[in-house]
Every structure is written in structure tokens, then in C-alpha cells.
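Below is one structure; the comments refer to it alone.
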Amino acid sequence: MTSSTTAGAPTTSSAPRRAPSLKRREARTAYAFLAPSGVGFFAFTLGPIIASVVIAFFAWPVFGERSFVGFQNFVTIFTSDPIFWRTVGNTLLFVVLYVPLNFVLALGLALWISPRIRGRGLYRLLFFLPAVTPIVANALVWRLLVQPNGVFADIASWFGVEQFNPLGNEAGAMAAVVAMSLWQGFGYNMLVFSAGLDSIPDHLYEAASLDGANAPRRFWHVTLPMLSPSLFFAAVMTLITSFQVFAQPYVLTGGGPGVGTTTMVMYLYQRGFQLFDLGTASAVATVLFAIIAMITAVQFLGQRKWVHYE
Amino acid sequence: MNRLVGAPLAAVGALALLAGCSAGGGGSTQEDGVTTLTFSMWAGSAPETEALETLVGLVEEEYPEIELQLETAPFNDYWTRLAAQASGGTEACILGVQSPRAASIEQLLLPLDDGLLADAGIDLAEFEDAIVEGTQVDGTQLAVPYDLGPWIMYYNAEMFADAGVDEPTADWTVADFEEAAAALTGDGKYGYATNPSLDTATVWALTLGGSQGVAADGTLQMDDPAMVESVEFQQGLVADGSSPQLPATSDTYNALNTFIAGDAAMVVDGPWQIAYVAEQVPFEYGVAVIPAGPNGTSTAVAGSGYGVSASCEYPEEALKAISVLTGPEAQTALAEQGRAFPSRTAEQPAYFQGAFEIAEETLTAASASGEPLRSTVNWTQVNTLFAQYSVSAMNGDMTADEFLGTIQSQTEAGAGQ
């Protein structure tokens with residue numbers, strides 16, 4: 001590339017030649033800095049995604065012969081798999097319950113500690129702590145709390161509930177998974193919202209007050225629009241992670257009772273590593289990837305209507 | 001430019017090298033006359049890992065030119081990890097093999113013909129026939145057994161004495177069991193703790209109805225009348241309060257832990273738990289045969305051994321190591337610690353000493369009347385489905401027919417895929 005400006009070329013000003021050279025140098029530096037994460041992305045993200053999509057078109061048992069089967073794995077999970085649609089339903093149920101509750105809890109608490117109240121740093125720390133503790137440890141502690149001889153059962157017995165065993169029935173198990181996930185997850189969004197609230201200039205509220213806006217109107221017409229980039233970011237990330245929910249049902253409920261809390265990721269794990277069927281597992285993964293990609297794309301398309309960037 | 005392009009390329013190369021290293025050529029390497037073999041086995045507690053490390057020491061003492069790298073995981077995780085490793089071609093050289101699961105990992109294991117075994121100095125005639133057969137698939141030996149065991153009943157002798165109930169005898173019946181369970185229930189205590197496992201359901205099916213969930217020809221028959229009777233029997237114990245409800249699908253050790261905590265008077269488990277029970281319980285305990293049903297008593301018998309992975313580059317060395325892992329000295333050591341009931345008949349008396357002497361009569365009788373726990377090629381799937389639905393079934397949210405029918409149909413649907 002650099003040899004294209006040959007010795008025989010007419011020499012005009014040296015300035016036009018220096019500028020691209022500097023640009024190239026900067027570009028090279030940028031590439032050098034990007035290289036480590038780029039390699040990581042290709043080796044550990046893009047590569048496995050492509051590999052998984054390819055495997056989805058094969059009968060790929062862990063032990064034994066592999067063969068190309070085209071769309072057969074997809075046809076199987078869509079038409080004859082007794083569990084797949086149930087796991088899609090469970091995942092959607094989790095998302096529908098978890099995401100709004102997470103937002104209400106995170107935004108409510110962020111608003112609560114947003115005024116310059118005493119000890120707000122401590123509150124932030126306390127609310128954020130579950131988000132940084134290992135999810136498996138959290139789930140194990142929750143299992144101890146909600147099992148029939150746990151603390152919650154004792155509390156329930158004060159109110160006359162004799163057989164307290166939420167993980168032993170489907171509705172109770174899903175409620176426990178959602179509750180535990182909320183406990184684990186709301187702190188992250190609360191911190192995002194809290195930072196967003198802090199960055200809203202006071203003069204906007206002052207101006208709104210002078211215009212006669214009361215507290216609810218100030219919230220609706222100042223806080224929410226100014227917080228919309230944070231809300232958008234949190235919505236995208238929370239939806240993606242809640243579609244991928246795995247550790248909570250895996251540790252807390254084992255996907256049961258029955259398949260009451262088996263989510264799509266848990267099902268693909270079971271198919272792949274407990275039932276040794278990597279082809280079908282990859283087909284489930286591909287479908288999940290498509291769902292997440294589609295919903296994220298819709299969110300990005302819709303953001304123009306409600307997200308306000310200054 | 002070359003330097004800049006070279007950096008990421010070098011990183012990719014390093015990653016590839018790393019991936020290549022972790023593959024380890026079938027879990028084995030040879031350098032300076034020392035053969036290093038990976039040895040993968042389940043262990044659920046520190047004492048179990050220590051027992052395995054003792055065995056590794058015996059191997060390296062006997063064969064200084066062999067070095068074993070021990071990898072352990074809890075029992076359920078072991079099979080998951082094995083699948084993950086096998087899918088990436090990184091399985092260990094020496095693998096723990098449980099007899100009912102031998103068929104499901106058959107393709108991963110090297111067939112052990114008489115010549116290979118003889119070269120390593122292993123004579124299967126010195127082992128209990130039942131478990132030698134148990135570690136075969138279609139007549140092909142896939143592992144050298146190290147232990148075996150029938151399922152038995154553990155009981156809390158102090159709870160029996162406090163309630164004025166006679167302790168189980170060698171000829172007790174299911175009616176005696178039900179009577180004792182009811183009498184021992186009350187004040188937050190239970191007569192029996194129900195297990196969510198297929199093994200336990202099989203044990204009750206054998207004694208109540210004389211058959212198990214797999215036919216003699218290897219066909220899955222979860223909806224067999226004996227299995228239905230077994231599940232209904234256990235559902236009844238939960239329904240009448242003699243047994244606590246099952247708490248969660250993920251809590252597979254709840255029954256044993258409830259017994260150990262002194263909250264349940266009886267539990268069904270294997271002799272491989274005897275050392276754990278002896279260490280943990282703060283009360284006097286006993287063991288009994290499974291109570292006799294209409295046609296006498298019967299229980300399931302299973303065991304485990306060590307196999308060589310088909311990808312292992314040094315199978316002769318691996319078998320030499322296995323000859324020590326399953327040898328008289330190793331089996332005596334495990335027996336004395338109560339870690340395994342030896343598969344070698346000559347070493348079995350070593351088990352019945354000290355704290356484990358109480359099990360002699362029961363284990364001898366149970367082994368004699370037991371029959372091998374049969375399995376299918378997709379045994380892992382059957383077990384997973386059973387554990388998953390058993391909480392609903394035992395707690396009374398599903399009938400026994402629905403429960404067993406679901407396992408049968410979903411396994412068949414899985415097999416068809």
C-alpha cells in the first residue's frame with residue numbers, strides 16, 4: 001500500500017502525503033489496542049456462535065458418529081419435542097415477570113436515594129451488594145431460606161401456613177426463581193438509574209417548578225425523558241440477560257418440579273450435557289439467539305421514539 | 001505492519017497451542033520415561049478425595065514410571081463434565097465407570113479383552129461375578145470393578161427405642177415397615193425420608209412387585225406395574241405424613257441429610273454412604289435389609305469400576321495403574337475406611353471390621369437376594385427425567401401413571417431424535 005506513491009511520481013507539496021501517513025499510523029495504533037479484545041471476541045464469542053449454528057444442522061451426539069441432517073433438529077424441536085415449547089413459555093414468563101418488577105424496584109429505590117439524603121452511599125452499596133456476590137452462592141442461600149424447614153417456612157407458620165414448600169410445586173418454584181433473581185439483579189439497574197438521576201441538571205427542575213409543574217409532572221416531563229438513555233440501556237441489557245437465565249433455576253429448582261422452571265438455556269444445557277445431544281442443544285441455542293437478536297433490534301428501532309439524547 | 005498483524009496472530013497461535021495442550025493427546029503424555037495419565041473420578045467430599053489420593057500414591061509406588069493426575073467432581077457433575085470433555089476430545093485416560101451407566105458411555109471406553117487384562121496382571125476370576133457382569137456391555141468388559149453394593153435401609157436406633165418400636169430384623173416385612181414409619185412419625189419427626197431417585201424407586205419396585213423399570217432384554221418399562229406400585233407406595237408415605245414432602249428438584253441429598261439430622265428414622269441408600277453416615281450422625285444407627293414384599297425381599301445391586309478411555313494413548317500403562325487401583329491393597333484400604341464394599345471376594349472381610357461390622361449380616365443377605373440394577377443406553381436421560389418429575393409426583397401433584405408415563409414417553413421421544 002505505502003509503495004503506491006513511487007519515486008517517479010510528481011512531487012508536489014509534502015503535506016498531502018503526511019496526512020494519510022499519520023492517519024494510517026493512528027489507525028495502526030488503534031488496531032493494536034483493539035487487537036486483544038478483538039481476538040477475544042473472535043475466539044470466544046463470534047467463533048462459538050458460528051460453531052453452534054453449524055452444529056445445529058448436524059446430528060451431533062457427544063459419543064459416536066456425527067452426520068449432517070439439515071433442518072431436522074429445528075423441525076424436531078418445533079414439532080415433536082415434548083419440552084421445547086414449554087421452556088420457551090417458561091422463559092417468556094420469567095422475562096414478563098422479572099423485567100418490569102426489576103425496573104419498578106430499581107427505579108423506585110434509585111428515586112428514593114436520589115435526593116441528597118444521609119448515608120445514600122451506604123444504601124447504594126447495600127443494594128448493589130447482591131449484584132456482585134456469586135449468583136450460585138445467592139441461589140444456594142435462597143434455597144436454604146425457602147425450603148420447608150427454612151426461615152421463610154418459620155415466618156409462614158406464624159401466619160398459620162403449615163405446608164410451606166414453594167420449590168415443591170410449579171407456581172411456587174417460578175415465583176422463587178423470580179424473587180431470587182430480583183434480589184440478585186435489581187442493584188445493577190438501580191446504580192445505572194441512580195447515576196442517570198444524578199446527571200439531570202437541577203435547573204431543569206427549577207424551571208419546571210417555576211412553570212408550575214407539580215412533582216408527578218416534573219417526574220413525567222423532566223425525570224423520565226432525561227433518564228431515557230439509562231432506561232434504554234437497562235432495558236436492552238436486562239432483557240438479554242433475562243432471556244439467558246440459567247444459574248437461578250439450575251441451583252434453586254433444578255428446572256423442576258417437572259419442567260416448571262426449565263428455561264431455554266437450562267434446556268439446551270440439559271440436552272447438550274446431560275442427554276449428550278449437542279445438535280438439538282445447538283438448535284435451541286440458535287433459536288434463542290434469533291429471539292434475542294430480534295427483540296434487541298426492535299428495541300433499537302423503537303428507541304428513536306422515546307429515548308432523548310441531549 | 002507485519003509486527004502489528006503479527007501480534008494478534010501470535011495471540012491466536014498461543015490460544016490454539018493452549019487448546020492443543022489441554023487436549024493432552026487422550027489425557028496422557030510420556031516424557032523422560034515417565035508416563036503421565038489423567039485419572040477422572042467422582043468424589044463428593046474431602047475424605048473421598050483423600051481416599052483417592054491414597055490410591056494414586058499406591059499406583060506411583062508400585063509403578064514409579066507412571067504418574068497419575070487426579071481430577072474429581074461430585075457424582076452428578078462427573079457425568080456432565082465427562083460429556084463436556086468427550087465432546088471436545090479431552091476426556092481423561094482412566095475413567096470412573098458406574099455399572100448402570102456403562103452402556104451410555106460404551107463408545108468412550110476401550111474394550112478390555114483377556115489379553116490386555118492378563119498383561120496388566122488382572123484376573124477377573126478374583127472378583128465378585130455380579131459386578132464383573134455389571135461392568136460389561138453385551139459381554140464386552142468395559143471396566144475393572146472396585147466395589148459393589150445392594151441398597152439397604154439405614155435406621156435411627158435411638159428413635160426406635162424412644163418410640164418403643166422393635167428394630168428391623170432380617171425378616172421384616174413391608175407391613176412392619178409401614179407400622180414402624182407411622183409410629184415414629186410425630187412432633188416434627190418422620191418415620192421415613194423419601195428419595196427422589198430412580199434407584200430408590202427400583203428398590204421398592206423389586207420388593208413390592210418383583211420387577212424393575214428395565215426389562216431383562218434392556219427395554220425401558222417405566223410403566224411396569226411394579227414401578228407404579230413403588231411410586232404409589234412412596235406417594236402414600238408422603239400423603240399420610242410418614243415422610244416429608246420433597247423440597248426441590250435440585251436437592252437430591254435431602255433424604256439422607258434429613259436422616260442424618262435426626263429428623264427421619266429411616267432412609268434407603270447404599271453401603272457407599274456408610275462411612276459418611278458413621279462420621280456425621282450424632283446417634284446410634286443400624287442397617288437392615290429392604291423389608292420383604294409379597295414374594296420375599298429383593299433389592300437392586302450396582303457397583304463401580306475403572307475403565308480406559310478409547311482415546312488414551314497408553315492403554316497398557318493405564319491398565320497397570322488400574323491393576324493397582326483395584327488391587328488387594330487398594331481395596332483393603334478403601335474397605336477399612338468404609339469407602340467401598342470390595343469387588344474382590346478375598347478382600348470383602350476387611351470391610352466388616354470396627355464401625356462397619358454391624359453391616360455384615362445385612363450386606364451379605366442383601367447381596368444374596370439382590371439382582372443387578374438394569375439400565376439402558378440413555379440411562380442418564382432416564383435418571384434426569386425421573387429426578388425432575390419426582391418432586392411433583394411424590395408430593396402428590398401427579399399420579400404415578402402420569403409420572404412414569406411422562407418419563408417413558410419423553411425418553412422414547414428423545415431416543416427418536
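First the proteins, then the strands, lettered A, B, ... as listed; each starts at 1.
When the salt bridge (Lys or Arg N to Asp or Glu O under 4.0 Å) test is applied to Glu232(B), no partner is found at least two apart in sequence or on another chain. Taking Asp401(B) as the reference, nothing meets the salt bridge (Lys or Arg N to Asp or Glu O under 4.0 Å) condition, with sequence neighbours excluded. Considering only residues two or more places apart in sequence or on other chains, Tyr250(A) meets the ring-ring contact (aromatic ring centres under 6.0 Å, His included) condition with Phe246(A), Tyr269(A).
Within a 6.0 Å radius of CZ in Phe68(A), other residues, nucleotides and ligands contribute more than 12 heavy atoms. Counting heavy atoms of neighbouring residues, nucleotides and ligands inside a 6.0 Å radius, atom CZ of Phe42(A) does not exceed 12 of them. Around CZ of Phe33(A), the count of heavy atoms belonging to other residues, nucleotides or ligands within 6.0 Å does not exceed 12. Crowding of Phe289(A) atom CZ: a count of heavy atoms from other residues, nucleotides or ligands under 6.0 Å not exceeding 12. Under a cut-off of 6.0 angstrom, the local environment of CG in Asp138(B) is sparse, with at most 12 non-hydrogen atoms contributed by other residues, nucleotides or ligands.
The shortest heavy-atom contact between Asp397(B) and Gly168(A) is OD2-O, 3.8 Å. In terms of heavy-atom proximity, Phe276(A) sits nearest to Trp79(B) at CE2-O, 4.0 Å. The heavy-atom pair separating Pro82(A) from Gln410(B) by the smallest distance is CG-CG, 3.9 Å. When all heavy atoms are compared, the tightest approach of Ala83(B) to Phe273(A) is CB-O, 3.6 Å. When all heavy atoms of Gln388(B) and Gly254(A) are compared, the closest pair comes out as NE2-O, 3.3 Å.
Heavy atoms closer than 4.5 Å to chain B are found nowhere in Thr261(A), neither backbone nor side chain. In this structure, the portions of Val259(A) lying under 4.5 Å from any heavy atom of chain B include both its backbone and its side chain. In this structure, chain B has a heavy atom under 4.5 Å from the backbone of Leu252(A), while its side chain stays farther away. Proximity to chain A is absent for every atom of Asn254(B), based on heavy atoms less than 4.5 angstrom apart. With a threshold of 4.5 angstrom between heavy atoms, Ser392(B) approaches chain A through its backbone and through its side chain. For a residue to count as touching a neighbouring chain, one of its non-hydrogen atoms must lie under 4.5 Å from one of that chain's; by this rule Asn165(A) touches chain B with the side chain only. Neither the backbone nor the side chain of Tyr31(A) comes within contact range of chain B; no heavy atom of the residue lies under 4.5 Å from a heavy atom of that chain.
Most heavy-atom pairs under 4.5 Å with chain B: of the set Val146(A), Asn169(A), Ile83(A), Asn149(A), this distinction falls to Ile83(A). Interface check for chain B: of the options Arg143(A), Gln147(A), Glu170(A), the most heavy-atom pairs under 4.5 Å are formed by Arg143(A). Contact count versus chain B (heavy atoms, under 4.5 Å) is highest, among Gly258(A), Ala173(A), Gly272(A), for Gly258(A).
In this structure, Asp251(B) CG and Leu167(A) CG are separated by 9.0 Å, a value rounded to the nearest 0.5 Å. Considering CG of Leu275(A) and CG of Leu385(B), their distance stands at 7.0 Å, rounded to 0.5 Å. Gln270(A) CD to Thr380(B) OG1: the interatomic distance, rounded to the nearest 0.5 Å, is 12.5 Å.
Residues of residues 237-250 of chain B lying under 4.5 angstrom from chain A, judged on non-hydrogen atoms, are Gln245(B), Leu246(B), Pro247(B), Ala248(B), Thr249(B), Ser250(B) by number.
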